[in-house]
Structure formats: C-alpha cells, structure tokens
Colleague: 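My structure is below; once you've seen it, I'll send some questions.
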Amino acid sequence: MSVTAPPPAPRAARAVVRPGDRIFAGIARAASLTIMLALAGVFVFLAIEGLPGLSAPENIYAPAEDFWSYVGPLVFGTILAAVVALVLAVPFSIGVALFISHYAPPRIAAPVAYVIDLLAAVPSVVFGLWGGLALASSIRPVTDWLYANLDFIPFFAGPPSVTGRSMLTAGIVLAIMVVPIVTALSREVFAQTPRLHEEAAMALGATRWETIRLAVFPYARSGVISAVMLGLGRALGETMAVAMVLSAAPVVTLNLISDTNPATIAQNIASNYKEATPDKQAVLIATGLVLFAVTFAVNFAARWVIARSERKVSR
Amino acid sequence: MAKSIDVSDLSIYYGDFLAVEGVNMTIRAKAVTAFIGPSGCGKSTFLRTLNRMHEVIPGARVEGKVMVSGQSLYDPTIDPVAVRRRIGMVFQRPNPFPTMSIYDNVIAGVKLNSRKMRKSDADALVERSLRGANLWNEVKDRLDRPGMGLSGGQQQRLCIARAIAVEPEVLLMDEPCSALDPISTSAIEDLIHQLKSEYTIVIVTHNMQQAARVSDETGFFNLKAAGQPGHLVEFNPTTKMFTNPDEPSTEAYISGRFG
Amino acid sequence: MNHPTTTTTTLVEPDAFAITADLTQARLPRWAVLLVGVIALGVAGLVTLLTGWSPTGGLVLAVVLMVAGFPLWSMVVEGRRAAADRLATSLVWGAFVVVLVPLVWLIWMVVSHGVSAIDAEFLTYDMRNVVGAGGGIFHALWGTILVTLAATLISVPVGLFTAIYLVEYGRGKRLARVTTFLVDVMTGIPSIVAGLFALALFVLIFGPAIRVGFGGAVALSLLMIPTVVRSAEEMLRLVPGDLREASYALGIPKWRTIVKVVLPTALGGIITGVVLAISRVIGETAPLLVVAGATDSVNFNLFEGRMMTLPVYIFSQYSSPGVVPVGTEGDPPGYARAWGAALVLIVIVMVLNLVARLIGTYFAPKTERRR
C-alpha cells in the first residue's frame, strides 16, 4: 500500500477556526438569539399595544370603572377555574398514573398508557364542544342534588344554572383536559423509580401500598409537583374549553353552580375580541399581559420548588 | 510517510486539575510504542494530546510541546482538524457510524472532508483499506450493510480501516482490544504487526502481555501518589523494559506486585 | 403478595414448625373481590329501584360501596396494614374507572355524531352562502394545512439550530443557560397570549384591522418552537460522544461532524418530535381566532385576508349554529357540522401521532441493533 504524504500544513496561513465551522456555529447561535428576540418581542409588542389599555376612557371598562377593577374579577375567575380543575384532576391523575405504573397487569398497562398519551393530544376545542353540547345538559341532576343537600357550602349556594353552563362544568372540562397531561408525566416519573429502592422496601416486608409510600412517592415528588404545575399552567391559559362552556358575568363569587359566573381572562379575550374597538382591543391585550404574568409566576414557582427539592435529594 | 513525534515537557490539565505532568519522550517512526500503567494514570489522556483530541473535552488544555516533523502541534496557527487528518485514532470501544453502511464507514473520513472522488477511486480505496485492516475477505459481499451489524472484533477492524483510509502518518490506539474477546484480540494484534511497516503506531493497553507482544518500545506511566498527577516513570525498548527495567516501581508493576 | 395464600391451619408441633406457623396468616380468598363487587352492585341496584334514582346515581353508589366495603372486610380478617393496601388498590382501580367514563363518553360523542355528519359534500364544500344545512369544511381544512405548514417552516429551523447550539456549542456558556430558561418560559405561554402577540405585531405594522393567516402561523410557531427545541435537544444528547470523537479523529471539521454524523443518527427522534409538535399546535384555536379570523370562503393566500381553520370552524359552528328549520325537531345544523369537523380534526391528530410513532420505531433499531 502506498501512502502519499499530504503537503505539509501551511503555517500561519490558515485561521485555526475554519470558515465552515464559524458560519455553522453562527447560525446556531443566531437561532438561540432569535428565541430571545421573540420572547422580548412578546413583551414589547404586548406592552406597546396593551399599555394604552390601562388608561382607556372609563366607559370601555363598564361596568367597572378602571383597569384594575376590570381585570380583578377576571383574575379571580381564572384562578378559581384552574383550582377547581386541579382539585378534581390531581387525585385522579395520580391514581391513573399509579394504575399504569404499578397496579395494572402489563397487558392492560401499555395500551392504557398509549391511549392516555393520545388523549393529551385531543384539541381543547373538542373538549369544549363536548362540554357545551353533552356534559352541560347532563350535569343538571348533579348540580340539583348538590344544591338540595349541600347548599350550606358557599360553593354550592346555587340556585343551579338551568343550562348547566356553570363554573363547575367548566372546571370539570378543564380537569378532563388536564388529567391526561398530569397522568402522562407522573407515570413516567413513577416508572423511573429505581427498582432497587422498591425491592429494598419489599424485602422489609412492606405491602404494595407501603412500598409505594416508602420508595416511589419520595423519589417522584418533585416530578409530580412539576407535572401538576404544568397542568395548572395549561388550565390557567386555556381559552376555548372555558369559552364554550361558561356563561360569564363580571362578578366575584365562589358559587360554582349558578348561572352567573366570573369569566376567565383568556375566555374574556376570546369572546370580546371580535367587536372590539381599538380602545377595547388595547384593554384586552393588557389583560393578556396580566395572564402572561400570572402563568409566568406559576411556572417560576414550579421551577423553584423543583430546584429546591432536587437540591434536597442530592444532599 | 510515517513520522516520529517529539514530546517535551508536556503537562495536561482539566481546568485547574493537573492530570499528567512533565512528559518527555521521542516516539519512533515505523515502530509500535506501547503505554502501560495502572488505571487513571493519564496514559489515555496523554495519547489524546498527540492528535489534539484532548481539547474536545471542555476546559482541557496543555502546556509544553509536541513536535511532528518540525511543527509544533500546539502552535496557535495550527488547525486541529488538519492535525487529526494526519494522526488517526482508534478508540477503546468500536464506534462505527450507525447510519452508514460498511462501505460508507470506510470512506467517511474522505467523503466528509468533501473531497470529490470518482466511484472507481472510492472502490479502490475501500478495498485497499479493508484489506489493510484484514477485513476485506469477511465483508466484501456485504459492503452495503450497516456497519453496526458486524461482530465486535469486525467493528473494531472496520474502525481501523476507516482510520487508515484517510492515509494518516501516525495511528493512535486507545486500548483497542479491551472490549474484544481473545480471538478478535489476536486478529488485531496481527494487524498491528503488519501496519507497523507503514505507520507510526502508538497503543495504550491495560494488558502487559499485549504490550510485550506487539510493541518495540514501552512507556510506563504511574501516579506519584494517590491524588497526585500522573507522570512518565520509564521509557525504554520493550525487551529491556520487561527483562531489566531501570526503575524499581516498573519492575514492581510488571511483576504484578501492584496495579 | 409475600405470603402464601393458604388460610388453612394444620395441627403442628409448636417447636419444630414454628417458622412455618408464623408465615401463615389470615388472607381473603381470591374471589373476595368479585363477591364484594356483586354485593355492591346488588345493593346499589336495590336502592336505585326503591328510591327511583337515575342509573348513574346507582353506579356511583356501587363504586363507593365497593371501594369502602372491600377494605373494611379486609380490616376485619387481615388486619390494618393489609386493609390499607386493599384500600389503596381499590382507590387506584376506582380512579382509573372513573377517569375512563368521561373520556369514553367524549370519544363516543365525537365519533357517533361526527360519522353521520361527514360525507363527500362535507369534505369538498366551503360555507359560502350556506344557510341552514349543507356546506362543508373544505376552506377550513386548507386553512389548517397552510397555517400549520407555515408554522412548521418557521419553527423547525429555529428550533433545530437552537438545539444544536445548546448541545454542541453552548455547553456551560451563559447564552445557553439563558436560552434554556427562555425555552422554559415559552413552554408556559398561554396560547391566547401567543395569538395576542402576533396580533399586536401585525397591527403595529399593518394597521388595526389586519387579519391574515400568516399571523396565525407566527403565533403557532411561538407555541411550537419550545417543543421542537426540547425534543431535538434530548435526541441530540442521546447521540453517543464516541461517534463525535470518531469523526473528529478522522479530521472531519465540527460542523460536518454535526451535519453528517450527529444529525443522521438523531434523525428519527427529531422527526418524531417535530410531528408530535405539529399534532399539538394543529388543534390550537384561540390564537387563530384572534389573528387569522374566520371566513366562509376558501383562501389560499397566507398573506392576505382572513383564513378559516378547522378548530375555529368548530368554534364558530358551535357558537352560531343557525336555526332549526321551522316545523322540524332536533339540533341546529351547525352542531352536526361542528361534530363532523371535530372528528376530522381528531383523526388528523391521531394519524400524526401514529406517524410519529412509526417514524420513531422505524429509525430506532438501526442505531441499536448491537450494544
């Protein structure tokens, strides 16, 4: 085999970084700068268009008088709907996740997991359609019963909505949307529990439930919390499912089953943007900024919680 | 055209951590040089500085000189990519490119350097390299199959074929047999014997018998003490090293008293 | 689980077989679950008949009886720890069954109403000049395809190159840390805020009345980029460092290593991630409602005029369904069209998911055939 000697590398002629590398690295860096710009753009453009909405003529805010008393009930409604949804969704999500990871026979677990993943992809407008056309009309007996038997609790003070388009219905629809998301994430975390930890617990004579409490939950806690926070973020920002199910009014009430319900920010934007004058549009965009701030705060809190518990684990 | 390598006063760092300290040696052309020593003494790290693979790891840097045919490898004007074209490397675990066929794996170095090639030239290069790696007869009928489909020993010889297809001057081997069974190992050792007529070969090995079998010269690396940087203890012709070493610690290591 | 299932106690000499005697413990027989289930159903059925509850109420009662009764029995026979275990098992199974109910109901409604709404006319007609029944989703289908395609064309290059930067170039750099953080923030942007952003952007440039399909694409890509970055980043990190080193050692420059070795190895996973990202944004309604608007006619131009999309079509058919023709019973005609469009949308999403899965399995084994 003959080996030909390549010409000796020219000294000092070539830069150490090749032009191809420089261009490619430049493109890659530009892409991440684009993301930074895009996010800055979201802030700047929303601020430019939204700031006039903070001080629009008074009649725009009717029946409220200024921006903050306009947006207040909306923030309340947004949080109320999300909390109702999470209270309903989280126990079931964890249950189903445990079912898939630890309880179901393998032959059932795999398809169930797959179906849950698929359901996480069902568009929210379809959930809204189902909530508005199927659930709302079927929920009357439940709200009637709650009103008849539990009306001393402020949540069920009633009187129940005739159409069924109440906060409770919206919360249930949101919960059903959130369940697949939280389930899919928690299932993954549960399944990642080191086998060794579980076997150690079982070797101590723990029952299945005790094994889960001893080995699985402590390991999975931060993952489940982040899954729940992600679900909360989704519930806070969800527009269509709420807009299609809730009949809203600018009120602040804990009553979940009546026909006057606080609106959510996202729903309020969606139902009012069409007939919006430029002034009103600015107000709506300003409320969008408030929503952004709320979800950002939630996400930030979630990351903080996760970071803290991770530090604890690694210690 | 095999080249010799002169190393003077080479120290290797990972960030602030000094991994290998003050190495001086001359690696002869057209000979096999083996590095032995206990785990973690820096012999693989040192090997990787010989073709600037070391700096692929973030934070890694080098002080001192490595001279190949009168050029300092660490001169700021030197392009590390060009260095690696002329000083090839074979790794501990066989790592053929999973998305490529056997054929494409062999000419990967040439093709990915975007050199245009006539089909007949490429065919000739593939055959020449695979013959050079003693693999041609085993794979000539399935050159279009994925390289990952071969056995471990065949994969490693495919990696050697890939390395010599670029026509380097020096071939670095980082424990090339540690993931292989004895039969594949002996195939690779035979190959090293053949390759030494055309290439300068540097091999790191954990296996002292292997060093004794394949190499002309041997360097023994060791840690001064636990937590201290590694250094070159002794560098001598292999026969001398294994019969009458200069240093007592070399003898202790070779005779199996530690390591 | 850990105990033998025998409940028989034999006469044994205490000393010789003390250990065996300790290992046996009172256990409920295997058929106990069935028995409790049957009793719960029976009692609930009886109550339902006597009090005139709805069947749903009866079922709820049966589930409650089952979940409470089984652990109680276990408590009596097996003791507190076993009862807690039985209770957990019952609750977990119960949660699964309860969650199935609305999900199955939803799928059933969409499929049963949707199938009867879909025919050739539904798929090939738009809604122009349609009053009452008839009309179709042709314009919305095209709108969805165009808007999603444009969003994909924006997000894939940006997302992929960002992932490449994060994995190959940015390790430990401040820009990489900031980018990771921003991608996290982007993941949490509510979709309607993305729509408002696109609206604000286009309003600033083109004036207040602007509604174009491309605006929708911008909003969707804002939602899509973080998913693409995340999945591509994960896939690139899975490519073994060995391969990069092998390539560098052949004297191949870094960028060619990335293009010719790293990307092909991760390709299957990256495509899967992109398809999943598409399936996630294709059902987004709110941002499109805000920027792309709604229309009854076909519009193939992304840069001019309102553009209908499937999700917005569902929403507008639902919110203004038209009137039931005089003298007939039933739902307004818009509802049937909404269900039909919902079925089409779900089928698209499911097909995309399936395709993503197939791509994943098709590309995966090649890289993992050995070791």
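This is a predicted model, so every value here is computed, not measured. No hydrogens, no waters, no symmetry mates; every other heavy atom, side chains included, goes into these values.
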Colleague: Measure A:Leu236 against the heavy atoms of chain C and call it side chain, backbone, both or neither at under 4.5 Å.
Modeller: neither
Colleague: Against chain A, label C:Leu100 side chain, backbone, both or neither, depending on which of its atoms sit under 4.5 Å from a heavy atom there.
Modeller: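 Contact with chain A is absent: no heavy atom of C:Leu100 under 4.5 Å.
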Colleague: Which residue out of A:Val115, A:Leu129, A:Val298 racks up the most heavy-atom pairs below 4.5 Å with chain C?
Modeller: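 Top count of heavy-atom pairs under 4.5 Å with chain C: A:Leu129.
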Colleague: Contact part of A:Leu39 toward chain C, heavy-atom cut-off under 4.5 Å: side chain, backbone, both or neither?
Modeller: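 When you check distances to chain C, only side chain atoms of A:Leu39 fall under 4.5 Å.
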Colleague: Where on C:Leu199 is there a heavy atom nearer than 4.5 Å to chain A: the side chain, the backbone, both, or neither?
Modeller: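 Answer is side chain: those atoms of C:Leu199 sit under 4.5 Å from chain A.
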Colleague: Using modelled atom types and a 3.5 Å cut-off, is there a donor and acceptor pairing between side-chain atoms of A:Glu238 and backbone atoms of A:Met240?
Modeller: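 Judged by distance alone, yes, a pair lies under 3.5 Å.
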Colleague: Under the salt bridge (Lys or Arg N to Asp or Glu O under 4.0 Å) test, which residues partner A:Arg140, sequence neighbours left out?
Modeller: A:Asp144
Colleague: Which residues satisfy the side-chain contact (heavy atoms from CB on, under 4.5 Å) test with C:Val349, sequence neighbours excluded?
Modeller: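 For C:Val349, the residues satisfying side-chain contact (heavy atoms from CB on, under 4.5 Å) (neighbours in sequence not counted) are A:Ala121, A:Pro123, C:Ser279, C:Ile282, C:Asn353.
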Colleague: Is chain A contacted by the side chain of C:Ile225, its backbone, both, or neither, given a heavy-atom distance below 4.5 Å?
Modeller: side chain
Colleague: So what's closer than 4.5 Å to chain A heavy atoms on C:Val312: side chain, backbone, both or neither?
Modeller: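 Neither part.
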Colleague: Output the option from A:Tyr114, A:Trp209, A:Trp130, A:Phe292 having the highest count of non-hydrogen pairs under 4.5 Å with chain C.
Modeller: A:Trp130
Colleague: Report the option among A:Val96, A:Val179, A:Val142, A:Ile285 that has the most heavy-atom pairs separated by less than 4.5 Å from atoms of chain C.
Modeller: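 When all of A:Val96, A:Val179, A:Val142, A:Ile285 are compared, A:Val96 has the most.
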